[in-house]
Amino acid sequence: MKSRKYVNTLILLLTIGLVAGPVLRAGIRSEVAHWYLAAAANAIDLGKGQVDSLIEAEKAIQAARSWDPELGRLPDYLAVRLRQFKAKETDLSLAEIFAEVPEDRRTQVAVQLAKQHFVDGDYGLAADIMQALLGEQAKQQLLYWDALIYRDVLEVSEAKAVQTLKAAIASNPEDADLRRILAEELAHILELRDDFESTLEAYKLWFGDNYVREANNLNSLAYARALAKVELDQALIDIDEALRYHPNEPALRDTRAWVYYQLGRYEEALADADFSVKAQDAPSVTNWWGKAMDFLLTPKELPAPEADSIATGEVATDSEVVAGASAGESVSELTGTVARTVAEQGASENEPPIVMLDPPKNYLTRSKASSLLWSQGVMRYHRAMILEKLGRSQEAEADWQWIEEKRLPPDDRLH
(Lines give C-alpha, C1' and ligand atoms only; values in the text may rest on other atoms or scores of the structure.)
Protein backbone atom coordinates (compact mmCIF):
# COMPACT_ATOMS: atom_id res chain seq x y z
CA MET A 1 0.00 0.00 0.00
CA LYS A 2 2.81 2.36 0.92
CA SER A 3 4.81 1.55 -2.22
CA ARG A 4 1.84 2.44 -4.43
CA LYS A 5 1.51 5.75 -2.54
CA TYR A 6 5.18 6.57 -3.15
CA VAL A 7 4.82 5.69 -6.83
CA ASN A 8 1.81 7.99 -7.18
CA THR A 9 3.72 10.78 -5.45
CA LEU A 10 6.71 10.27 -7.75
CA ILE A 11 4.48 10.35 -10.83
CA LEU A 12 2.88 13.58 -9.59
CA LEU A 13 6.25 15.23 -8.99
CA LEU A 14 7.54 14.20 -12.40
CA THR A 15 4.42 15.63 -14.03
CA ILE A 16 4.86 18.95 -12.19
CA GLY A 17 8.55 18.97 -13.10
CA LEU A 18 7.82 18.46 -16.78
CA VAL A 19 5.54 21.52 -16.72
CA ALA A 20 7.36 23.78 -14.26
CA GLY A 21 10.93 22.94 -15.19
CA PRO A 22 11.06 24.89 -18.48
CA VAL A 23 9.28 27.80 -16.86
CA LEU A 24 11.79 27.94 -14.01
CA ARG A 25 14.70 27.62 -16.41
CA ALA A 26 13.34 30.44 -18.58
CA GLY A 27 12.90 32.64 -15.52
CA ILE A 28 16.43 31.97 -14.34
CA ARG A 29 17.88 32.63 -17.77
CA SER A 30 15.97 35.91 -18.04
CA GLU A 31 17.15 36.95 -14.57
CA VAL A 32 20.79 36.25 -15.46
CA ALA A 33 20.32 38.31 -18.64
CA HIS A 34 19.07 41.20 -16.50
CA TRP A 35 22.21 41.07 -14.37
CA TYR A 36 24.43 41.21 -17.46
CA LEU A 37 22.43 44.19 -18.75
CA ALA A 38 22.93 45.94 -15.40
CA ALA A 39 26.67 45.32 -15.75
CA ALA A 40 26.57 46.84 -19.24
CA ALA A 41 24.77 49.93 -17.93
CA ASN A 42 27.40 50.38 -15.22
CA ALA A 43 30.20 50.08 -17.77
CA ILE A 44 28.59 52.78 -19.92
CA ASP A 45 27.96 55.15 -16.99
CA LEU A 46 31.35 54.70 -15.33
CA GLY A 47 33.49 54.37 -18.44
CA LYS A 48 32.75 57.84 -19.81
CA GLY A 49 33.61 56.88 -23.37
CA GLN A 50 36.80 54.94 -22.65
CA VAL A 51 37.47 52.15 -25.15
CA ASP A 52 37.86 49.43 -22.52
CA SER A 53 34.51 50.32 -20.98
CA LEU A 54 32.80 50.30 -24.37
CA ILE A 55 34.16 46.83 -25.07
CA GLU A 56 33.13 45.68 -21.59
CA ALA A 57 29.60 46.98 -22.09
CA GLU A 58 29.22 45.25 -25.45
CA LYS A 59 30.56 41.97 -24.02
CA ALA A 60 27.99 42.16 -21.21
CA ILE A 61 25.18 42.79 -23.71
CA GLN A 62 26.21 39.79 -25.80
CA ALA A 63 26.45 37.65 -22.65
CA ALA A 64 22.90 38.71 -21.80
CA ARG A 65 21.84 37.69 -25.29
CA SER A 66 23.36 34.22 -24.79
CA TRP A 67 21.14 33.76 -21.75
CA ASP A 68 18.03 35.30 -23.34
CA PRO A 69 18.01 35.33 -27.17
CA GLU A 70 14.85 37.50 -27.21
CA LEU A 71 16.40 40.56 -25.64
CA GLY A 72 14.25 42.85 -27.74
CA ARG A 73 11.29 42.24 -25.46
CA LEU A 74 13.21 43.41 -22.36
CA PRO A 75 12.91 47.12 -21.43
CA ASP A 76 16.32 46.90 -19.74
CA TYR A 77 17.97 46.00 -23.04
CA LEU A 78 16.43 48.97 -24.82
CA ALA A 79 17.39 51.27 -21.93
CA VAL A 80 21.02 50.15 -22.18
CA ARG A 81 21.11 50.60 -25.94
CA LEU A 82 19.59 54.08 -25.60
CA ARG A 83 22.26 54.99 -23.06
CA GLN A 84 24.86 53.96 -25.60
CA PHE A 85 23.08 55.95 -28.28
CA LYS A 86 22.83 59.14 -26.19
CA ALA A 87 26.47 58.85 -25.17
CA LYS A 88 27.44 58.26 -28.84
CA GLU A 89 29.00 54.96 -27.77
CA THR A 90 27.37 52.77 -30.42
CA ASP A 91 27.23 52.73 -34.20
CA LEU A 92 23.69 51.37 -34.12
CA SER A 93 20.90 53.63 -35.38
CA LEU A 94 17.62 53.89 -33.50
CA ALA A 95 15.97 51.78 -36.19
CA GLU A 96 18.58 49.06 -35.65
CA ILE A 97 18.21 49.24 -31.87
CA PHE A 98 14.45 48.78 -32.10
CA ALA A 99 14.56 46.15 -34.84
CA GLU A 100 14.19 43.42 -32.21
CA VAL A 101 11.03 44.87 -30.68
CA PRO A 102 8.05 42.62 -31.59
CA GLU A 103 5.53 44.27 -33.89
CA ASP A 104 2.65 43.90 -31.45
CA ARG A 105 4.56 45.77 -28.73
CA ARG A 106 5.93 48.67 -30.75
CA THR A 107 3.26 51.23 -29.86
CA GLN A 108 3.45 50.38 -26.16
CA VAL A 109 7.26 50.55 -26.13
CA ALA A 110 7.30 53.77 -28.18
CA VAL A 111 4.94 55.61 -25.82
CA GLN A 112 6.65 54.28 -22.68
CA LEU A 113 10.17 55.24 -23.75
CA ALA A 114 9.12 58.56 -25.29
CA LYS A 115 7.36 59.58 -22.07
CA GLN A 116 10.48 58.81 -20.04
CA HIS A 117 12.70 60.96 -22.23
CA PHE A 118 10.06 63.70 -22.52
CA VAL A 119 9.96 64.01 -18.72
CA ASP A 120 13.77 64.15 -18.70
CA GLY A 121 13.62 67.09 -21.12
CA ASP A 122 15.14 65.18 -24.05
CA TYR A 123 12.33 66.10 -26.45
CA GLY A 124 14.19 65.43 -29.68
CA LEU A 125 15.08 61.89 -28.64
CA ALA A 126 11.50 61.26 -27.48
CA ALA A 127 10.21 62.18 -30.94
CA ASP A 128 12.95 60.19 -32.70
CA ILE A 129 12.10 57.09 -30.65
CA MET A 130 8.47 57.27 -31.73
CA GLN A 131 9.49 57.83 -35.34
CA ALA A 132 11.88 54.85 -35.29
CA LEU A 133 9.34 52.48 -33.75
CA LEU A 134 6.14 53.63 -35.44
CA GLY A 135 7.20 55.22 -38.72
CA GLU A 136 4.43 57.31 -40.28
CA GLN A 137 2.02 56.18 -37.57
CA ALA A 138 3.96 58.35 -35.11
CA LYS A 139 2.27 61.37 -36.70
CA GLN A 140 -1.04 60.20 -35.26
CA GLN A 141 0.32 60.41 -31.71
CA LEU A 142 -0.17 63.56 -29.62
CA LEU A 143 3.01 62.84 -27.66
CA TYR A 144 5.10 62.82 -30.85
CA TRP A 145 4.00 66.32 -31.85
CA ASP A 146 4.23 67.59 -28.28
CA ALA A 147 7.86 66.50 -28.12
CA LEU A 148 8.67 68.12 -31.46
CA ILE A 149 7.03 71.41 -30.46
CA TYR A 150 8.91 71.59 -27.17
CA ARG A 151 12.15 70.78 -28.96
CA ASP A 152 11.55 73.53 -31.50
CA VAL A 153 10.71 76.14 -28.84
CA LEU A 154 13.80 75.40 -26.77
CA GLU A 155 16.35 74.45 -29.42
CA VAL A 156 15.30 76.10 -32.69
CA SER A 157 12.81 78.98 -32.60
CA GLU A 158 9.27 79.90 -31.70
CA ALA A 159 8.44 80.33 -35.39
CA LYS A 160 9.61 76.76 -36.09
CA ALA A 161 7.34 75.52 -33.29
CA VAL A 162 4.38 77.19 -35.01
CA GLN A 163 5.30 75.48 -38.28
CA THR A 164 5.44 72.14 -36.47
CA LEU A 165 2.01 72.83 -35.00
CA LYS A 166 0.67 73.47 -38.50
CA ALA A 167 2.19 70.16 -39.65
CA ALA A 168 0.51 68.36 -36.73
CA ILE A 169 -2.88 69.81 -37.67
CA ALA A 170 -2.37 69.01 -41.36
CA SER A 171 -1.49 65.41 -40.49
CA ASN A 172 -4.61 65.03 -38.33
CA PRO A 173 -7.27 67.23 -39.97
CA GLU A 174 -10.17 65.44 -38.23
CA ASP A 175 -8.63 65.38 -34.76
CA ALA A 176 -10.02 68.53 -33.13
CA ASP A 177 -8.73 67.53 -29.69
CA LEU A 178 -5.13 67.24 -30.91
CA ARG A 179 -5.32 70.68 -32.51
CA ARG A 180 -6.86 72.27 -29.43
CA ILE A 181 -4.45 70.70 -26.91
CA LEU A 182 -1.28 71.44 -28.88
CA ALA A 183 -2.28 74.95 -29.96
CA GLU A 184 -3.49 76.00 -26.51
CA GLU A 185 -0.33 74.70 -24.87
CA LEU A 186 1.92 76.40 -27.43
CA ALA A 187 0.03 79.69 -27.21
CA HIS A 188 0.57 79.89 -23.45
CA ILE A 189 4.24 78.97 -23.75
CA LEU A 190 4.86 81.56 -26.47
CA GLU A 191 3.08 84.29 -24.52
CA LEU A 192 5.33 83.61 -21.52
CA ARG A 193 8.33 83.86 -23.86
CA ASP A 194 7.06 87.27 -25.10
CA ASP A 195 6.83 86.16 -28.73
CA PHE A 196 3.44 87.73 -29.32
CA GLU A 197 3.28 87.36 -33.10
CA SER A 198 3.83 83.60 -32.77
CA THR A 199 1.34 83.58 -29.90
CA LEU A 200 -1.26 85.09 -32.20
CA GLU A 201 -0.55 82.43 -34.84
CA ALA A 202 -1.00 79.71 -32.22
CA TYR A 203 -4.30 81.25 -31.11
CA LYS A 204 -5.56 81.31 -34.69
CA LEU A 205 -4.64 77.65 -35.10
CA TRP A 206 -6.24 76.86 -31.76
CA PHE A 207 -9.59 78.39 -32.66
CA GLY A 208 -9.53 77.48 -36.36
CA ASP A 209 -11.15 79.33 -39.25
CA ASN A 210 -14.73 78.77 -38.15
CA TYR A 211 -14.36 79.45 -34.45
CA VAL A 212 -17.30 80.37 -32.25
CA ARG A 213 -17.31 84.14 -31.85
CA GLU A 214 -17.93 84.09 -28.13
CA ALA A 215 -16.55 86.73 -25.77
CA ASN A 216 -13.62 84.66 -24.48
CA ASN A 217 -12.35 83.74 -27.96
CA LEU A 218 -12.76 87.29 -29.24
CA ASN A 219 -10.97 88.71 -26.23
CA SER A 220 -8.05 86.27 -26.57
CA LEU A 221 -7.53 87.13 -30.23
CA ALA A 222 -7.91 90.87 -29.67
CA TYR A 223 -5.41 90.93 -26.82
CA ALA A 224 -2.93 88.77 -28.73
CA ARG A 225 -3.13 91.23 -31.64
CA ALA A 226 -2.65 94.17 -29.26
CA LEU A 227 0.42 92.57 -27.69
CA ALA A 228 1.84 91.79 -31.14
CA LYS A 229 0.89 95.28 -32.39
CA VAL A 230 -0.59 93.83 -35.58
CA GLU A 231 -4.06 93.75 -37.16
CA LEU A 232 -5.25 96.35 -34.66
CA ASP A 233 -8.36 97.31 -36.63
CA GLN A 234 -9.53 93.68 -36.48
CA ALA A 235 -8.65 93.58 -32.79
CA LEU A 236 -10.92 96.56 -32.15
CA ILE A 237 -13.77 94.94 -34.12
CA ASP A 238 -13.42 91.74 -32.09
CA ILE A 239 -13.23 93.35 -28.65
CA ASP A 240 -16.16 95.67 -29.42
CA GLU A 241 -18.20 92.59 -30.33
CA ALA A 242 -17.16 90.86 -27.08
CA LEU A 243 -18.19 93.93 -25.09
CA ARG A 244 -21.67 93.83 -26.60
CA TYR A 245 -22.13 90.58 -24.68
CA HIS A 246 -20.48 91.78 -21.43
CA PRO A 247 -20.21 95.61 -21.46
CA ASN A 248 -18.97 95.94 -17.86
CA GLU A 249 -16.45 93.12 -17.74
CA PRO A 250 -13.13 94.62 -16.49
CA ALA A 251 -10.93 92.18 -18.44
CA LEU A 252 -12.66 93.03 -21.72
CA ARG A 253 -12.45 96.77 -21.05
CA ASP A 254 -8.76 96.39 -20.23
CA THR A 255 -8.16 94.60 -23.54
CA ARG A 256 -9.87 97.40 -25.44
CA ALA A 257 -7.81 99.94 -23.49
CA TRP A 258 -4.63 98.28 -24.73
CA VAL A 259 -5.94 98.06 -28.29
CA TYR A 260 -6.73 101.79 -28.15
CA TYR A 261 -3.25 102.42 -26.71
CA GLN A 262 -1.58 100.63 -29.61
CA LEU A 263 -3.75 102.63 -32.01
CA GLY A 264 -2.64 105.89 -30.37
CA ARG A 265 -6.16 106.73 -29.14
CA TYR A 266 -5.03 107.52 -25.60
CA GLU A 267 -8.09 109.35 -24.23
CA GLU A 268 -10.37 106.44 -25.15
CA ALA A 269 -7.76 104.04 -23.80
CA LEU A 270 -7.70 105.87 -20.46
CA ALA A 271 -11.49 105.70 -20.09
CA ASP A 272 -11.44 101.93 -20.43
CA ALA A 273 -8.31 101.45 -18.31
CA ASP A 274 -9.68 103.62 -15.53
CA PHE A 275 -12.94 101.67 -15.56
CA SER A 276 -11.07 98.34 -15.34
CA VAL A 277 -8.84 99.34 -12.41
CA LYS A 278 -11.75 100.77 -10.40
CA ALA A 279 -13.93 97.72 -11.11
CA GLN A 280 -11.17 95.37 -9.96
CA ASP A 281 -10.59 97.42 -6.81
CA ALA A 282 -14.29 97.55 -5.94
CA PRO A 283 -15.19 95.48 -2.83
CA SER A 284 -16.49 92.02 -3.65
CA VAL A 285 -16.27 88.47 -2.32
CA THR A 286 -13.68 87.66 -5.00
CA ASN A 287 -11.50 90.64 -4.23
CA TRP A 288 -11.82 90.09 -0.47
CA TRP A 289 -10.63 86.51 -0.89
CA GLY A 290 -7.84 87.63 -3.21
CA LYS A 291 -6.62 90.21 -0.71
CA ALA A 292 -6.71 87.63 2.06
CA MET A 293 -4.57 85.32 -0.06
CA ASP A 294 -2.18 88.17 -0.88
CA PHE A 295 -1.78 88.78 2.85
CA LEU A 296 -0.92 85.12 3.42
CA LEU A 297 1.67 85.28 0.63
CA THR A 298 3.50 88.36 1.91
CA PRO A 299 7.29 87.92 2.23
CA LYS A 300 7.24 87.42 6.01
CA GLU A 301 5.09 84.31 5.55
CA LEU A 302 7.36 82.70 2.96
CA PRO A 303 9.95 80.00 3.78
CA ALA A 304 13.54 80.97 4.44
CA PRO A 305 15.68 81.38 1.30
CA GLU A 306 18.27 78.85 0.29
CA ALA A 307 21.89 79.90 0.56
CA ASP A 308 22.75 79.50 -3.11
CA SER A 309 19.81 81.60 -4.35
CA ILE A 310 20.66 84.38 -1.89
CA ALA A 311 24.32 84.44 -2.86
CA THR A 312 23.64 84.98 -6.53
CA GLY A 313 20.58 87.16 -6.12
CA GLU A 314 19.28 85.71 -9.38
CA VAL A 315 15.67 84.94 -10.07
CA ALA A 316 14.29 82.87 -12.93
CA THR A 317 12.52 84.85 -15.62
CA ASP A 318 9.21 83.63 -17.03
CA SER A 319 10.95 82.19 -20.09
CA GLU A 320 13.44 80.38 -17.85
CA VAL A 321 10.58 78.98 -15.81
CA VAL A 322 8.99 77.55 -18.94
CA ALA A 323 12.28 76.09 -20.13
CA GLY A 324 12.97 74.57 -16.75
CA ALA A 325 9.50 73.10 -16.41
CA SER A 326 9.88 71.62 -19.87
CA ALA A 327 13.06 69.98 -18.70
CA GLY A 328 11.15 68.03 -16.07
CA GLU A 329 11.02 70.37 -13.08
CA SER A 330 7.68 71.60 -11.81
CA VAL A 331 6.82 75.26 -12.17
CA SER A 332 6.24 75.48 -8.42
CA GLU A 333 9.78 74.23 -7.74
CA LEU A 334 11.33 76.71 -10.13
CA THR A 335 9.36 79.72 -8.99
CA GLY A 336 10.00 78.93 -5.34
CA THR A 337 13.34 80.67 -5.80
CA VAL A 338 11.51 83.85 -6.71
CA ALA A 339 9.50 83.93 -3.50
CA ARG A 340 12.48 83.03 -1.33
CA THR A 341 14.60 85.76 -2.88
CA VAL A 342 11.85 88.32 -2.33
CA ALA A 343 11.63 87.27 1.30
CA GLU A 344 15.37 87.69 1.80
CA GLN A 345 15.84 90.99 0.04
CA GLY A 346 12.72 92.70 1.43
CA ALA A 347 11.17 95.89 0.12
CA SER A 348 13.18 98.40 -1.83
CA GLU A 349 14.29 101.44 0.15
CA ASN A 350 14.33 103.64 -2.95
CA GLU A 351 11.30 105.30 -4.43
CA PRO A 352 10.70 103.94 -7.94
CA PRO A 353 11.10 106.34 -10.84
CA ILE A 354 8.05 107.13 -12.92
CA VAL A 355 9.21 104.78 -15.68
CA MET A 356 11.49 102.02 -14.43
CA LEU A 357 13.86 101.29 -17.31
CA ASP A 358 16.17 99.05 -15.29
CA PRO A 359 14.10 97.28 -12.62
CA PRO A 360 15.72 94.96 -10.06
CA LYS A 361 15.50 91.21 -10.53
CA ASN A 362 13.58 90.18 -7.43
CA TYR A 363 10.02 90.60 -8.69
CA LEU A 364 7.39 87.91 -8.64
CA THR A 365 6.67 86.09 -11.88
CA ARG A 366 3.19 85.43 -13.18
CA SER A 367 3.53 81.82 -12.06
CA LYS A 368 4.21 82.86 -8.48
CA ALA A 369 1.75 85.72 -8.12
CA SER A 370 -1.91 84.92 -7.56
CA SER A 371 -4.02 85.24 -10.71
CA LEU A 372 -6.03 88.08 -9.15
CA LEU A 373 -2.92 90.01 -8.11
CA TRP A 374 -1.37 89.59 -11.55
CA SER A 375 -4.51 90.75 -13.39
CA GLN A 376 -4.75 93.79 -11.12
CA GLY A 377 -1.11 94.54 -11.88
CA VAL A 378 -1.69 94.29 -15.63
CA MET A 379 -4.54 96.79 -15.44
CA ARG A 380 -2.47 99.18 -13.30
CA TYR A 381 0.45 98.88 -15.70
CA HIS A 382 -1.78 99.63 -18.69
CA ARG A 383 -3.30 102.67 -17.01
CA ALA A 384 0.12 103.98 -15.97
CA MET A 385 1.49 103.64 -19.50
CA ILE A 386 -1.54 105.43 -20.95
CA LEU A 387 -1.22 108.26 -18.42
CA GLU A 388 2.46 108.62 -19.30
CA LYS A 389 1.54 109.00 -22.97
CA LEU A 390 -0.92 111.73 -22.02
CA GLY A 391 1.78 113.57 -20.06
CA ARG A 392 0.08 112.90 -16.71
CA SER A 393 3.08 111.40 -14.93
CA GLN A 394 2.01 112.54 -11.47
CA GLU A 395 -1.17 110.47 -11.75
CA ALA A 396 0.75 107.52 -13.21
CA GLU A 397 3.04 107.53 -10.17
CA ALA A 398 0.29 106.07 -7.98
CA ASP A 399 0.01 103.01 -10.24
CA TRP A 400 3.79 102.57 -10.43
CA GLN A 401 3.95 102.72 -6.65
CA TRP A 402 1.16 100.12 -6.29
CA ILE A 403 2.97 97.78 -8.69
CA GLU A 404 6.25 98.19 -6.78
CA GLU A 405 4.62 97.54 -3.41
CA LYS A 406 3.09 94.30 -4.72
CA ARG A 407 6.52 93.16 -5.98
CA LEU A 408 5.28 92.96 -9.56
CA PRO A 409 7.53 93.79 -12.54
CA PRO A 410 6.87 97.40 -13.64
CA ASP A 411 7.35 96.72 -17.34
CA ASP A 412 5.88 94.73 -20.22
CA ARG A 413 6.35 91.44 -18.38
CA LEU A 414 2.96 92.39 -16.98
CA HIS A 415 0.71 91.16 -19.77
Side-chain angles (χ1 to χ4, degrees), residues 158-159 161-162 165 180 183-209 211-280 318-319 322 365-367 369-389 399 403 408-415:
E158 288 87 349
V162 172
L165 174 59
R180 177 185 57 79
E184 180 179 5
E185 182 179 27
L186 180 57
H188 293 321
I189 290 172
L190 294 173
E191 185 176 346
L192 285 173
R193 293 174 70 88
D194 296 342
D195 186 340
F196 301 124
E197 289 193 29
S198 296
T199 301
L200 176 59
E201 288 301 308
Y203 268 119
K204 289 178 179 178
L205 292 168
W206 174 6
F207 296 140
D209 294 331
Y211 66 92
V212 178
R213 293 183 68 81
E214 62 184 13
N216 186 58
N217 294 348
L218 293 166
N219 182 58
S220 296
L221 287 168
Y223 194 51
R225 287 184 167 104
L227 290 173
K229 304 175 186 177
V230 298
E231 304 172 7
L232 296 175
D233 291 337
Q234 183 61 49
L236 187 57
I237 291 171
D238 288 347
I239 196 59
D240 278 342
E241 182 177 341
L243 280 164
R244 285 200 291 273
Y245 304 126
H246 305 284
N248 295 317
E249 171 56 47
L252 300 183
R253 292 287 291 270
D254 177 70
T255 293
R256 190 169 68 177
W258 206 236
V259 173
Y260 278 140
Y261 175 85
Q262 302 295 8
L263 287 166
R265 295 164 62 172
Y266 303 123
E267 291 290 353
E268 293 162 289
L270 180 59
D272 276 333
D274 197 48
F275 176 91
S276 298
V277 171
K278 289 176 179 177
Q280 277 282 63
D318 280 335
S319 59
V322 174
T365 64
R366 174 162 46 183
S367 301
S370 69
S371 59
L372 176 62
L373 177 63
W374 191 266
S375 65
Q376 289 175 320
V378 171
M379 293 176 183
R380 293 269 186 171
Y381 169 70
H382 287 166
R383 187 171 70 174
M385 290 294 290
I386 294 165
L387 286 167
E388 294 285 357
K389 283 291 186 180
D399 285 328
I403 290 169
L408 297 174
D411 53 38
D412 60 6
R413 282 174 290 177
L414 271 175
H415 57 73

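Side chains are part of it too, since the values below use all heavy atoms of this structure and drop only hydrogens, waters and symmetry mates.
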| query | Are Tyr245 and Glu214 close enough, and set up right, to give a side-chain contact (heavy atoms from CB on, under 4.5 Å), and what steps lead you there? | reply | CA-CA 8 Å; Tyr245 304 126; Glu214 62 184 13; 5.9 Å; no

| task | For the pair Val162 and Glu158, evaluate side-chain contact (heavy atoms from CB on, under 4.5 Å) and give the outcome as yes or no after the intermediate values. | result | CA-CA 6 Å; Val162 172; Glu158 288 87 349; 5.8 Å; no

| message | I'd like to know whether Leu263 forms a side-chain contact (heavy atoms from CB on, under 4.5 Å) with Asp233, so could you lay out the CA-CA distance, the side-chain angles of the two residues, the decisive distance to 0.1 Å, and finally the verdict. | response | CA-CA 8 Å; Leu263 287 166; Asp233 291 337; 4.0 Å; yes

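Scanning all heavy atoms of the two residues, the minimum distance from Ala369 to Leu408 falls at CB-CD2, 4.2 Å. The shortest non-hydrogen separation linking Gly377 to Leu414 is O-CD1, 3.5 Å.
One distance of note links CD of Glu241 with CD1 of Ile237; it measures 9.5 Å at 0.5 Å rounding. Between Trp206 atom CH2 and Leu165 atom CG the span is 12.0 Å, to the nearest 0.5 Å.
Contact check for Asn248 versus Phe275: side-chain heavy atoms found under the 4.5 Å cut-off. Within the 4.5 Å cutoff, no side-chain heavy atoms of Leu252 are placed close to those of Arg256.
Here the options are Asp195, Asp194, Leu200, the test is side chain to side chain contact (heavy atoms under 4.5 Å, CB included), and the partner is Ser198; only Asp195 passes. With Tyr381 as the partner, the side chain to side chain contact (heavy atoms under 4.5 Å, CB included) test is satisfied by one option alone out of Met385, Arg383, Met379: Met385.
Side-chain atoms of Trp374 come within 3.5 Å of backbone N or O of His415 as a donor-acceptor pair. Between the side chain of Gln262 and the backbone N or O of Ala226, at least one donor-acceptor pair lies under 3.5 Å.
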What side-chain donor-acceptor pairs closer than 3.5 Å can you find for residues 216-224, not counting sequence neighbours?
{"unit_1": "Asn217", "atom_1": "ND2", "unit_2": "Val212", "atom_2": "O", "d": "2.9"}
{"unit_1": "Asn219", "atom_1": "OD1", "unit_2": "Thr255", "atom_2": "OG1", "d": "2.6"}
{"unit_1": "Ser220", "atom_1": "OG", "unit_2": "Asn216", "atom_2": "O", "d": "3.0"}
{"unit_1": "Tyr223", "atom_1": "OH", "unit_2": "His382", "atom_2": "NE2", "d": "3.4"}

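Counting heavy-atom neighbours within 6.0 Å of Lys204 NZ, excluding the residue itself, gives a total above 12.
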